[in-house]
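Labels below follow one simple rule: chain letters A, B, ... track the order of the sequence lines, proteins then strands, and each chain is numbered from 1.
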There are 2 protein chains.
Amino acid sequence: MHPSTVSRALSPAMKHLVAADVANRIQAAANALGYRLNMAAKGLRTGRSGLIGVLAPDIADPGFPPVLSGIADHLHAQGYATIVADVGSEGSEQDLVDRLIAHGVDGLVLATVTLDDAIVTHCLDSALPVVLVNRLDRGARLPSVAGDDEGGMRLAVDHLVALGHKRIGHVAGPQEISTGARRRAGFEASLREAGLATRNALVETASAYTRAAGREAALRLLTRKSRPTAIVAANDLLALGVYDALATRGLACPDDVSVAGHNDMPFVDMVSPPLTTVRIAQRDMGEAAARLLLGRIANPAGSREHLMLPPRLIIRGSTAAPRPAS
Amino acid sequence: MHPSTVSRALSPAMKHLVAADVANRIQAAANALGYRLNMAAKGLRTGRSGLIGVLAPDIADPGFPPVLSGIADHLHAQGYATIVADVGSEGSEQDLVDRLIAHGVDGLVLATVTLDDAIVTHCLDSALPVVLVNRLDRGARLPSVAGDDEGGMRLAVDHLVALGHKRIGHVAGPQEISTGARRRAGFEASLREAGLATRNALVETASAYTRAAGREAALRLLTRKSRPTAIVAANDLLALGVYDALATRGLACPDDVSVAGHNDMPFVDMVSPPLTTVRIAQRDMGEAAARLLLGRIANPAGSREHLMLPPRLIIRGSTAAPRPAS
DNA sequence: CTGAAAGCGCTAACAG
DNA sequence: CTGTTAGCGCTTTCAG
């Protein structure tokens, strides 16, 4: 049998160029022999590898897997395979991207960028379709899917205000990351609107999105002369660190201090007390990012979209009215 | 410049065949132009893609990310990229493997196999280097890295026996998965050795490793005429389901019933009460699997190794001595 | 030590 | 509708 005919018969797009019975016989033979297209050879010829690269901040961070799952499932359904690269281990982000490009990826999902990340320019230069997920770059130069960070903080702050809290503190995330900066901005705007803004804002910044860093920042917050009656953390990991800080200070949650988190990551409903938090639909976020990327691949000149997913407040046991005596 | 010379200069293995100054000039030029090898073309020629496939049961399952992280980091350090495929979504496992093979993967890590999985034969037939991680196949036909499931259960049961428990129940995992079957076997052997085996064993099997299935199984266990004073679950997710079941029955942990889990997945130290569990070093497991796979790739005829990682008991607040009255 | 030539498996452009 | 031809970017004999 002749190679081109086989190629045509096996390609859905070119199948119409081949006699139906011949096509069927080829299909049958292919199945019988367990024949599989060599994607590398195909890619070499067509310039499309069927591979998508995903850069993750840390696969083991409990917030990321749902996003990855959303990305991978959607891409997989469209016939793509995903290469995941974890930035955690040493080696520059640039290098990772270059390695991915060397493997011929048709597009990239970046879940790692900082606000002024050099990688953005690098990607723009490479002319590769790229979308950002969860985190944004300052200039909005790349298409993105993220949660409404400011709106989410408003939800949390308004909830605490409604409970009667007047001294509300914030454990902010790293300010070089959009989620950290935007959630802090949202926190401050909400306080201002509630008429609760003060000269020395009750804000402490954590150096990383980790439980340990959250504990440190919360400890600083708790030594302020006017101690907050409620703390809203920039994410759930930080909020768990706040729990740790309260424990070491002998303070009870929510009796002494209410705590709210952000993300509704898995199992925060099982901690004690169950964490009040702002849910963002992480799986949907991943799926939307995949969809956006596929759109860019199909039409690289298309408009640069920025999707924002609506947050939702999940009230649990870690927030309550402040003590009357307080 | 001449392609072959460039190829030689850029390949560490062939560099010695080229004049040092020429090699350096080529390196410099390559860096300046931002030249990157096309892995697809290289793979086509050499038969090695630099890609490794990883089959995951469910990326979003909190137990898996640490394993994946261990695998990916180690492989990455050796110059490989990892394609992860999630079996969760529809589409047969065979199909996934075939797709991975179509992409030319140099090896496969399977974290999904059941005891009598057809995929094992399929992989054996394909002559592709494959290693199993966490779960084993019945015939031990593929090399593997897993925890010592029986030893882990012994640790948990002995701990409860030492506390004075006499009626110890088990929420078993799915019996078609090695972890489910072997942990159950370990549980029963340990009870027998402690002289606590009874006619109708206090064992209920969960249909899946989920919190909901754990709850159902625990509920069945709690309606037995002689209710257990302690329950050891086949994994932490199941143990959280046991917590749910106790809550719906109005029973307190550990006052009424002690609970032990397995795996020490992230944040089980934060639930209430903090879960006593058996820790398995999941990151190490992933790393060992990667190392084993690399060994198979280098020497496919090498001996079929089966690594077993030692478990460690982590005692927290969910286990205590039984009530004297009980 | 370096150049020339062939080919990995596939597809696309061009005949027939 | 099908066969022929060429070539994607690389490596690897084989000659010089």
Side-chain angles (χ1 to χ4, degrees), chain A residues 1-51 53 79-81 83 98-107 126-128 297, chain B residues 1-51 53 79-81 83 98-107 126-128 297:
Chain A
M1 188 68 54
H2 312 269
S4 325
T5 313
V6 174
S7 173
R8 283 192 274 255
L10 262 28
S11 156
M14 295 291 144
K15 197 170 184 167
H16 67 105
L17 290 178
V18 80
D21 61 324
V22 176
N24 288 345
R25 271 195 301 138
I26 291 176
Q27 269 294 5
N31 289 350
L33 302 212
Y35 169 83
R36 289 251 136 195
L37 223 66
N38 179 328
M39 296 300 278
K42 176 196 178 117
L44 193 55
R45 189 67 241 259
T46 60
R48 341 192 91 241
S49 61
L51 255 25
Y80 285 90
I83 302 186
D98 285 339
R99 276 170 76 153
L100 257 11
I101 292 177
H103 277 288
V105 294
D106 296 332
S126 77
L128 194 69
I297 291 174
Chain B
M1 187 70 53
H2 312 269
S4 327
T5 314
V6 174
S7 172
R8 283 191 273 254
L10 262 27
S11 156
M14 295 293 143
K15 198 170 184 166
H16 67 107
L17 291 178
V18 79
D21 61 323
V22 176
N24 289 345
R25 272 196 299 138
I26 290 176
Q27 269 294 5
N31 289 350
L33 303 210
Y35 169 83
R36 289 251 136 196
L37 224 64
N38 179 328
M39 295 301 278
K42 176 195 178 117
L44 193 56
R45 190 66 241 260
T46 60
R48 340 192 92 241
S49 61
L51 255 24
Y80 285 90
I83 303 187
D98 285 340
R99 276 170 76 153
L100 257 11
I101 292 178
H103 278 288
V105 294
D106 296 332
S126 78
L128 194 68
I297 291 175

Inset, instruction - Would you state whether a donor and an acceptor, one from the side chain of A:Arg8 and one from the base of D:dG3, lie under 3.5 Å apart? - result: yes
Legend entry - Any side-chain heavy-atom pair of A:Leu51 and A:Asp106 under 4.5 Å: no
Inset, instruction - Provide, to the nearest angstrom, the distance between the CG atom belonging to A:Asn24 and the P atom belonging to D:dC1. - result: 13 Å
Legend entry - Atom-pair distance (CZ on B:Arg48; C1' on D:dT12), nearest Å: 16 Å
Inset, instruction - Looking only at non-hydrogen atoms, find the nearest pair between B:Gly53 and B:Val105 and report the distance. - result: N-CG1, 3.7 Å
Inset, instruction - Write down the distance between CZ (B:Arg36) and P (D:dC10), rounded to a whole number of angstrom. - result: 12 Å
Legend entry - B:Arg36 side chain near A:Ile101 side chain, heavy-atom distance below 4.5 Å: no
Inset, instruction - Round to a whole Å and report the spacing from CG of B:Leu10 to P of D:dG9. - result: 16 Å
Legend entry - Nucleotide D:dG16, atom P - distance to CG of B:Leu17 in whole Å: 19 Å
Measure all distances between protein nitrogen or oxygen atoms and nitrogen or oxygen atoms of nucleotides 6-8 of chain D, and list the pairs falling under 3.5 Å.
| residue | atom | partner | partner atom | Å |
| --- | --- | --- | --- | --- |
| D:dG7 | N2 | A:Arg45 | NE | 3.4 |
| D:dG7 | N2 | A:Arg45 | NH1 | 3.4 |
| D:dC8 | O2 | A:Arg45 | N | 3.4 |

Inset, instruction - Report the nucleotide, chosen from D:dC1, C:dG3, D:dG3, that has the shortest atom-to-atom distance to any side-chain atom of B:Ser4. - result: C:dG3
Inset, instruction - Can you tell me the distance, in whole Å, between the CE atom of B:Met39 and the C1' atom of D:dT11? - result: 13 Å
Inset, instruction - Apply side chain to side chain contact (heavy atoms under 4.5 Å, CB included) to A:Met39 and A:Arg48, showing your working. - result: CA-CA 9 Å; A:Met39 296 300 278; A:Arg48 341 192 91 241; over 6 Å; no
Inset, instruction - Please tell me which of the listed nucleotides, D:dT11, C:dT11, D:dC1, lies nearest to the side chain of A:Leu37? - result: C:dT11
Legend entry - Base D:dT11 to side chain B:Ser11, donor-acceptor N/O within 3.5 Å cut-off: no
Legend entry - Student check: side-chain heavy atoms of A:Ile26 and A:Tyr35 closer than 4.5 Å: no
Inset, instruction - Rounded off to whole Å, could you give me the NE2-to-C1' distance for the B:His103 and C:dG9 pair? - result: 15 Å
Inset, instruction - Mind calculating the distance between CD1 (A:Ile26) and C1' (D:dC1) to the nearest angstrom? - result: 12 Å
Legend entry - Side-chain donor/acceptor contact of A:Ser7 with base of C:dA12 under 3.5 Å: no
Legend entry - Student check: side-chain heavy atoms of A:Leu100 and A:Leu128 closer than 4.5 Å: no
Inset, instruction - Would you mind telling me which residue lines up with the more 5' stretch of DNA chain D, B:Ala40 or B:Met14, judged by nearest nucleotide? - result: B:Ala40
Inset, instruction - Keeping the roles fixed (side chain from A:Ser49, backbone from A:Gly43), state whether a donor-acceptor pair exists under 3.5 Å. - result: no
